[in-house]
Amino acid sequence: MVKKRYWSRGLLAALVLALLIDGGSREVIRTTCCEVSCPGLPEAFSGFRIALVSDLHGEFLEGDTLAKAVEGADIIAVTGDLFDRRTDLSLVAPGMTALCRVAPVYYVSGNHEWTVDRRRQVWRAMATAGVVNLDDAWVTLERQGASLTLAGIRDPGGPADGPAPGEVLSEAPDDFLILLYHRNTNPEQWCALGADLVLSGHGHGGLVRLPLVGGIAGANRTLFPKYDGGIYRLSQTTLIVSRGLGTTPDAPRLFNPPEVLMLTLRPG
């Protein structure tokens, strides 16, 4: 009985210590560096660095913590849920201005922005700060005489009267195609539309992460989501899912520190 009591106290103490350590880690952004092999990538873009930033939910917009986490990037891709209804919206534009000083910033909406009444005002302020909104749009990036296409599809939580994803991507040049899209669910749809590389977030890394298991819960409340975070190969498409940075009241993080992915592209 005495041994059992000591074991119980030891386990409780270990759990409390783990929670305290985890709570402290939520204030620090982990920059995870990955080399990504990309079949069809123009040789001129070998070494091109993309900082993938997702799911801030209004956090890390003050100070220089986020800007330091993306230093060295050639471009910064912000894949949705930048702000939500709890966010102090006056912080968004200054936070994005700090990122734009590091590298060009490209953004697509997530599901939470569409619940904010003043979202269009915030998006205008972001554009003034230098952010390029790629909701249902594309741009051409050039390097050493070569080019690739960077496109975005807005979150389906927005108005239903927008163009279909196929219409948007059919108008883009027939280059190597990098697609920004918030949700990590049903990524197979982008294979048929010719996306070579898809950057997303949304799943918050499975919320709670356990060693050898990974994420526990999906954004749609499923258990053990298939695409909780990392790099996945789907036919001819590479999917990269960020575990994100912020939290929402109904989706707390545990053993899952804030993450920025620093992707270095290489011809595959």
Side-chain angles (χ1 to χ4, degrees), residues 34 36 38 40-41 50-57 75-84 104-115 119 123 126 131-141 148-173 175-206 215 218-220 222 225-246 251 259-261 263 265:
C34 307
V36 185
C38 302
L41 180 75
I50 302 174
L52 175 52
V53 175
S54 193
D55 299 278
L56 274 82
H57 290 279
I75 65 170
I76 300 166
V78 181
T79 54
D81 282 2
L82 171 60
F83 56 90
D84 58 29
V105 178
Y106 298 90
Y107 160 87
V108 290
S109 62
N111 52 300
H112 277 272
E113 286 97 334
W114 289 100
T115 68
R119 59 185 177 273
W123 287 335
M126 287 169 56
V131 176
V132 178
N133 190 322
L134 285 181
D135 271 358
D136 298 334
W138 55 267
V139 295
T140 297
L141 303 183
L148 58 75
T149 299
L150 182 67
I153 300 296
R154 69 176 173 178
D155 189 84
D161 58 354
E167 295 177 42
V168 176
L169 299 182
S170 67
E171 296 177 357
D175 291 331
F176 184 90
L177 175 59
I178 301 175
L179 178 66
L180 309 186
Y181 182 68
H182 175 63
R183 303 196 188 206
N184 62 333
T185 52
N186 193 28
E188 293 81 5
Q189 62 183 316
W190 310 120
C191 301
L193 295 177
D196 296 288
L197 178 62
V198 179
L199 308 181
S200 66
H202 185 58
H204 291 221
N220 54 359
T222 57
K226 187 175 182 179
Y227 307 112
D228 61 336
I231 303 174
Y232 305 89
R233 189 74 177 157
L234 309 170
S235 184
Q236 298 304 308
T237 300
T238 300
L239 167 70
I240 300 182
V241 181
S242 169
R243 298 204 300 265
L245 290 141
E259 175 189 65
V260 165
L261 287 175
L263 312 172
L265 308 189

Are any non-hydrogen side-chain atoms of [X] and [Y] less than 4.5 angstrom apart?
| X | Y | value |
| --- | --- | --- |
| M126 | N133 | no |
| V36 | I50 | no |
| E113 | W123 | yes |

Test item: [X] side-chain N/O and [Y] main-chain N/O as donor-acceptor pair under 3.5 Å:
| X | Y | value |
| --- | --- | --- |
| N184 | H202 | no |
| N111 | G157 | no |
| T237 | A195 | yes |
| S242 | G201 | no |

[atom1] of [X] to [atom2] of [Y]: how many Å apart, nearest 0.5 Å?
| X | Y | atom1 | atom2 | answer |
| --- | --- | --- | --- | --- |
| L148 | T140 | CG | OG1 | 8.5 Å |
| D84 | T115 | CG | OG1 | 6.5 Å |
| L134 | I178 | CG | CD1 | 11.0 Å |
| Y106 | L180 | OH | CG | 10.0 Å |
| L179 | L239 | CG | CG | 10.0 Å |
| E259 | D55 | CD | CG | 11.0 Å |

With salt bridge (charged side-chain N to carboxylate O under 4.0 Å, His left out) as the rule and sequence neighbours excluded, what pairs involving residues 188-200 come up?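 Listed once each, the pairs would be none.
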R183: which residues meet the salt bridge (charged side-chain N to carboxylate O under 4.0 Å, His left out) condition with it, sequence neighbours left out?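 D155.
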Minimum heavy-atom distance between [X] and [Y], given as atom pair plus value:
| X | Y | result |
| --- | --- | --- |
| C34 | L261 | SG-CD2, 4.1 Å |
| W114 | S109 | NE1-OG, 3.0 Å |
| L265 | C38 | CD2-SG, 4.1 Å |
| A51 | V260 | CB-CG1, 4.5 Å |
| D135 | V108 | OD1-CA, 3.4 Å |
| D136 | V168 | C-CG1, 3.7 Å |

Any donor-acceptor pair under 3.5 Å linking the side-chain atoms of Q189 with those of Y181?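 On atom types as modelled, these side chains do not qualify, holding no pair under 3.5 Å.
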Taking the inter-plane angle between the rings of H112 and H57 on a 0 to 90° scale, is it parallel (under 30°), tilted (30 to 60°) or perpendicular (over 60°)?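 Answer is perpendicular, since the angle exceeds 60°.
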